[in-house]
Amino acid sequence: QVHLVESGGGWVQTGGSLRLSCAASARTGTTLSMGWFRQAPGKEREFVAAITWDGANTYYADSVKGRFTISRDNRQNTEYLQMNNLKPDDTAVYYCAVPSPYGPALTPNTAGSSSQYDYWGQGTQVTVYS
């Protein structure tokens, strides 16, 4: 069982920045790969970014490359999503997600698929206004 707690959402003007955090706790004590997805009103949930358990590999959606940075602190089992140069199209509920500790490792071909993730946070709202 993995429990995820997100924080850091809010309102920001176009061009501004926000940093989201997601703290993970797992009974296995395993260091976990982690990802971020988002869902805007009336749209499907979409991949934003992911980072492998060791931080060696990161993956981004094309729409956020160069603006968002995913990172992690393994001592805290926490991941972060630094979001810069935010746009109104970034407005969505952002979800932290974690694959099963016993599942396959994330790869460039799988990191963006929501089916790879077994645990989800409650979501945090990000609203970008012009």
Side-chain angles (χ1 to χ4, degrees):
Q1 186 70 25
V2 178
H3 184 57
L4 303 172
V5 178
E6 299 142 332
S7 59
W11 290 69
V12 64
Q13 197 168 15
T14 297
S17 299
L18 283 174
R19 189 175 83 153
L20 307 183
S21 301
C22 176
S25 59
R27 290 183 179 178
T28 64
T30 304
T31 303
L32 305 166
S33 293
M34 304 176 82
W36 289 97
F37 286 73
R38 66 187 182 185
Q39 188 166 19
K43 295 186 177 180
E44 293 187 355
R45 189 171 298 187
E46 65 175 4
F47 171 71
V48 177
I51 187 167
T52 52
W53 67 272
D54 56 359
N57 296 293
T58 56
Y59 309 103
Y60 295 95
D62 288 343
S63 59
V64 306
K65 280 181 182 176
R67 301 188 298 122
F68 291 11
T69 302
I70 190 170
S71 61
R72 65 184 302 144
D73 180 350
N74 281 349
R75 295 169 299 175
Q76 305 290 334
N77 222 5
T78 299
E79 68 166 348
Y80 304 96
L81 186 67
Q82 178 66 43
M83 304 184 295
N84 297 329
N85 191 22
L86 282 159
K87 305 174 182 179
D89 284 349
D90 296 317
T91 295
V93 177
Y94 283 71
Y95 296 91
C96 174
V98 168
S100 168
Y102 309 107
L106 294 179
T107 69
N109 290 331
T110 63
S113 173
S114 60
S115 64
Q116 296 298 310
Y117 299 83
D118 297 275
Y119 302 96
W120 296 81
Q122 79 284 358
T124 185
Q125 177 71 45
V126 171
T127 302
V128 185
Y129 60 93
S130 56

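If you read the sequence from its start, that first residue is 1, and numbering goes on from there.
Note: Leu32 CG to Tyr117 OH = 12.0 Å, rounded to the nearest 0.5 Å. The line from CD1 of Ile70 to CG of Asn57 is 11.5 Å long, rounded to the nearest 0.5 Å. Atom CD in Gln82 sits 9.5 Å away from atom OG in Ser21 (nearest 0.5 Å). Within the model, atoms NZ of Lys87 and OG of Ser130 stand 13.5 Å from one another, a figure rounded to the nearest 0.5 Å. The OH atom of Tyr119 sits 13.5 Å away from atom SG of Cys96, with the distance rounded to the nearest 0.5 Å. How far CZ of Phe68 is from OH of Tyr94: 4.0 Å, rounded to the nearest 0.5 Å.
A cation-pi contact links Arg19 to Tyr80, judged by a cut-off of 6.0 Å to the six-membered ring centre and 45° from its axis.
Taking both residues in full, the closest heavy atoms of Ala97 and Phe37 are given as CB-CD1, 4.2 Å, listed atom of the first, atom of the second, then distance. Nearest heavy-atom pair, Glu79 versus Ile51, reported as atom, atom and distance to 0.1 Å: OE1-CG2, 4.1 Å. For Met34 against Val98, the heavy-atom pair with the smallest separation is CG-CG2, 4.0 Å. The shortest non-hydrogen separation linking Pro104 to Gln116 is CG-OE1, 4.3 Å. Looking at every heavy atom in both residues, Ala40 comes nearest to Thr91 through CB-O, 3.6 Å. Across every non-hydrogen atom of Leu18 and Val126, the tightest pair is CD1-CG1, 3.8 Å.
Looking only at side-chain heavy atoms (C-beta outward), Glu6 and Leu20 stay at 4.5 Å or farther from each other.
More than 12 heavy-atom neighbours from other residues, nucleotides or ligands sit within 6.0 angstrom of CD on Gln122.
For Tyr59 and Phe47, the ring centers sit 6.0 Å or farther from each other.
When the side chains of ILVMFWY residues are joined at heavy-atom separations under 4.5 Å, either directly or via intervening members, Val2 and Trp120 end up in two distinct hydrophobic clusters. Under a hydrophobic-cluster definition in which Ile, Leu, Val, Met, Phe, Trp and Tyr are linked whenever side-chain heavy atoms come within less than 4.5 Å, directly or via other members, Trp53 and Leu4 are assigned to different clusters. The hydrophobic cluster containing Tyr95 also contains Leu106, counting ILVMFWY residues as joined when their side-chain heavy atoms lie under 4.5 angstrom apart, directly or transitively.
Between Trp11 and Tyr129, the two ring planes are tilted [angle within 30° to 60°].
In this structure a side-chain-to-backbone donor-acceptor pair under 3.5 Å is present from Arg67 to Asn85.
Under the side chain to side chain contact (heavy atoms under 4.5 Å, CB included) rule, Arg38 has a single partner from Leu81, Val48, Thr124, which is Val48.
With respect to Lys65 and Asp62, a salt bridge is recorded, a charged nitrogen being found less than 4.0 Å from a carboxylate O.
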